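Notes follow once the structure below has been shown.
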Amino acid sequence: MKGRAHKYEKPNIDTDVIIPGPYLKIHEHKELAKHAMEGIDPDFPKKVSPGDLLLAGSNFGCGSSREHAPIALSVCGIKAILAPSFARIFYRNAIDGGYLLPIEIEESTMNKISDKDELEVDLEHNKITNLTKNEVYFMKPFPELIAKIVDAGGLMNFKFDKER
Amino acid sequence: MTITEKLLARASGKSKLSPDDVVFAKVDKVMMHDVSGPGVIKVFDELEKKGIKLEHIWDPDKVWITEDHFVPAADRISAENIITLSKWSKKYGIRKHFKYGLGQYGICHTLSHEEAMVLPGEVYVGGDSHTNTTGAIGAFAAGLGHTDIAYVLMTGQTWFKVPETLMFRLNGKKPDYVMAKDIILTIIGDIGTDGANYKTMQFSGDVIEHLEMEERLTLTNMTTEAGAKNGIIEPDAITDLYMRERTNAEYTHTVGDVDAEYSEIFSYEIDKIEPVVAKPFSPANISAVRELQEIEIDKAYIGSCTGAKLEDLRLSAKVLKGKKVKIRTEILPAAQSIYIKALKEGLIDIFTKAGAVVGPPTCGACCGAHMGVLGKNEICISTTNRNFPGRMGHVESKTYLASPLVVAASAITGKITDPRDI
Ligand code: SF4
């Protein structure tokens with residue numbers, strides 16, 4: 001997985017910022033993507049190219065259980081989010097829905113990466129390579145069961161792959 | 001084991017569980033509402049496109065549905081979401097669907113206890129982050145997203161990483177005019193909005209032993225704001241009293257072992273707690289009310305699953321009785337049954353005579369949806385649970401979170417006001 005990083009280092013970026021309340025009644029994924037990160041950067045969807053990564057401060061996705069949040073981010077092109085920690089419902093929505101990967105990194109790693117750096121994520125070796133700066137960082141591996149769900153591409157695939 | 005570990009062990013068929021174990025657990029009850037429900041239905045629609053059709057759900061009698069976020073239908077899309085949800089629940093034989101304008105209805109986390117939809121000892125998941133609320137009755141209650149709820153509807157199970165438990169011992173005597181809201185805001189101010197991330201917040205101590213159920217529910221409700229997976233209080237005589245007024249259903253008490261391990265124990269002397277508010281833009285941004293007395297506000301809001309239960313309304317009425325509000329004040333009981341009780345007790349009369357508007361039960365402005373959202377630069381004092389940018393309306397509006405007593409007192413003066421000073 002390779003892409004450019006979009007850095008928003010503020011901690012506690014919450015779901016009201018990622019996709020504000022009035023859009024909760026919308027369930028069309030493409031429509032939601034137009035409003036991704038509207039509370040912090042209304043131009044965000046225009047800046048993202050498919051496959052890009054989001055770099056964020058700790059406790060990313062705190063707040064509500066709205067699955068609209070990982071949906072909006074993923075449909076607008078984000079493949080993975082790198083942050084020191086995630087709010088728990090956001091974390092499991094991202095994984096179970098198979099939308100994007102919430103990857104836990106050290107706070108110091110976050111500080112080393114700059115906005116627009118080109119990164120390569122290697123899930124097999126839990127390694128992140130910064131192609132712009134020529135640096136290598138480590139990511140926290142996923143626990144066993146969660147890694148299996150990630151591999152399957154979400155909880156539903158995990159269930160139906162198993163049954164097949 | 002702690003109560004949380006025991007409940008998850010029972011549900012996953014294990015004799016022992018420890019923090020960080022990941023298990024599949026059986027779910028006893030599941031809830032979705034007019035925002036999460038259509039999201040869940042969308043997950044099923046997508047599966048159907050892949051050739052996987054939902055013939056029936058795991059157990060229609062363990063599923064219940066509410067209409068609360070965008071009711072009365074805020075606009076055409078909201079109305080259509082409610083129609084979609086109604087058709088779906090009829091098709092799959094769900095009997096407990098609380099419909100707006102059709103007898104009992106209200107905010108999901110309020111109906112959960114008002115209607116005894118969940119019993120002590122059960123494992124309960126809901127498509128809403130404040131599902132934690134219901135842990136006050138001694139159940140494991142946690143919020144999930146659409147895909148996870150869809151999975152539960154198909155299989156009756158979900159996965160959990162067993163959380164560590166943070167124990168909050170609340171001792172001493174609660175001073176007059178201090179509410180559970182002041183206690184939980186003080187705690188969140190201390191541990192931060194990620195202070196309990198992935199963990200359980202459990203409450204005990206002599207304050208809890210005497211705290212009535214609706215106040216306990218305020219504590220567990222806001223564990224979500226500290227990032228907790230669940231909030232919980234062991235069931236006792238107060239729990240039984242509350243449940244017996246609402247249901248005859250059988251249940252048993254599960255409590256933690258005497259040698260249960262808590263990853264951290266926090267002790268609070270409640271005598272020292274005073275009325276507080278959470279300033280914009282974080283529930284952890286706490287100040288004593290008396291330090292902010294000069295701040296002028298535009299609107300007072302008494303509503304939501306956190307702050308519009310019967311006791312919240314009773315205390316607000318005590319402050320507002322015979323007084324006039326100085327700023328726009330909106331009061332929305334959290335469920336129709338609470339509205340009716342408030343009416344019988346004369347509370348609605350007090351509110352309307354004071355000049356406040358009383359609205360129907362709805363999440364409404366709590367999540368910035370409709371019915372009283374804030375405009376640019378508007379300042380609100382509110383009994384709700386979140387004050388992130390844009391939570392109740394415009395991103396440049398401001399919300400101060402407080403107890404119903406503080407909000408009612410502030411409504412009278414137009415400034416942030418300590419109820420002890422009225
Ligand atoms: S009242 Fe507010 S916090 Fe409670 S369920 Fe509704 S939107 Fe969520």
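So you know, we letter chains A, B, ... as the sequences are listed, proteins then strands, and number each from 1. Only a predicted model underlies this, so the values are computations on that prediction, with no experimental measurement involved.
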Stepwise, does the side-chain contact (heavy atoms from CB on, under 4.5 Å) test hold for B/Trp159 with A/Leu145? CA-CA 9 Å; B/Trp159 63 269; A/Leu145 172 70; 3.8 Å; yes
Please lay out, stage by stage, how B/Asp194 and A/Asn12 fare under the test side chain to side chain donor-acceptor pair (under 3.5 Å). CA-CA 8 Å; B/Asp194 59 355; A/Asn12 304 316; 6.0 Å; no
*Are A/Val17 and B/Phe388 close enough, and set up right, to give a side-chain contact (heavy atoms from CB on, under 4.5 Å), and what steps lead you there?*
CA-CA 8 Å; A/Val17 165; B/Phe388 302 131; 5.5 Å; no
| request: Please test B/Arg386 against A/Ser64 for side-chain contact (heavy atoms from CB on, under 4.5 Å), starting from the C-alpha separation and ending with a verdict. | output: CA-CA 10 Å; B/Arg386 283 194 182 131; A/Ser64 88; 3.5 Å; yes
**Full working for side-chain contact (heavy atoms from CB on, under 4.5 Å) between B/Met154 and A/Met156** = CA-CA 10 Å; B/Met154 292 196 292; A/Met156 291 299 175; 3.1 Å; yes
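Annotation: B/Lys87, atom NZ; neighbour count of heavy atoms from other residues, nucleotides and ligands within 6.0 Å does not exceed 12. At most 12 heavy atoms of other shown residues, nucleotides or ligands fall within 6.0 angstrom of atom CD in A/Glu106. Around CG of A/Asn134, the count of heavy atoms belonging to other residues, nucleotides or ligands within 6.0 Å does not exceed 12. Residue A/Lys47 qualifies as enclosed at atom NZ: its count of foreign heavy atoms under 6.0 Å is above 12.
Of the two parts of B/Lys42, only the side chain, counted from C-beta on, holds a non-hydrogen atom closer than 4.5 Å to a non-hydrogen atom of chain A. Interface residue B/Thr193: backbone and side-chain heavy atoms are both found under 4.5 Å from chain A. For chain A, no part of B/Ser282 is nearby; none of its heavy atoms comes within less than 4.5 Å. The contact between B/Phe70 and chain A is made entirely by side chain atoms (from C-beta outward), counting heavy-atom distances below 4.5 Å. Proximity to chain A is limited to the side chain of B/Leu47, based on heavy atoms less than 4.5 angstrom apart. Of the two parts of B/Ala74, neither the backbone nor the side chain holds a non-hydrogen atom closer than 4.5 Å to a non-hydrogen atom of chain A. Looking at B/Val373, neither its backbone nor its side chain comes within 4.5 Å of chain A, counting heavy atoms on both sides. For chain B, the nearby part of A/Ile149 is the side chain; its heavy atoms alone come within less than 4.5 Å. For A/Tyr91, the part lying near chain B is the side chain, with the backbone staying farther off; criterion is any non-hydrogen pair under 4.5 Å.
Ion pair B/Asp75/A/Lys25 flagged as a salt bridge, since at least one NZ, NE, NH1 or NH2 atom sits closer than 4.0 Å to an Asp/Glu carboxylate oxygen. With salt bridges taken as basic N to acidic carboxylate O contacts below 4.0 Å, one links A/Arg92 and B/Asp148.
Panel note: side chain A/Glu67, backbone B/Thr147; a donor-acceptor pair is recorded below 3.5 Å. In this structure a side-chain-to-backbone donor-acceptor pair under 3.5 Å is present from B/Tyr198 to A/Phe86.
Contact record, A/Pro22 with B/Gly368: CG-O, 3.7 Å, taken as the closest heavy-atom pair. When all heavy atoms are compared, the tightest approach of A/Ile89 to B/Gly145 is CG2-N, 4.1 Å. Here the closest non-hydrogen pair linking B/Gly227 and A/Arg88 is O-CG, 4.3 Å. In this structure, B/Ser129 and A/Ser65 approach most closely via the heavy-atom pair N-OG, 3.3 Å. Closest non-hydrogen pair, A/Asp14 versus B/Pro389, comes out as OD1-CD, 4.0 Å. Of all heavy-atom pairs spanning A/His27 and B/Pro38, the tightest one is NE2-CB, 3.4 Å.
With chain A as partner, the option from B/Thr224, B/Val395, B/Val35 having the largest number of non-hydrogen pairs under 4.5 angstrom is B/Val35. Across A/Pro11, A/Ser58, A/Gly63, A/Gly98, the residue that shares the most heavy-atom pairs under 4.5 angstrom with chain B is A/Gly63.
The structure places CG of A/Asp96 at 8.5 Å from CG of B/Leu144, a figure rounded to the nearest 0.5 Å. In this structure, NE2 on A/His68 lies 9.0 Å from OG on B/Ser36, to the nearest 0.5 angstrom.
Ring geometry for B/Phe24 against A/Phe158 counts as parallel: the plane angle stays under 30°, on a 0 to 90° scale with 60° as the upper cut.
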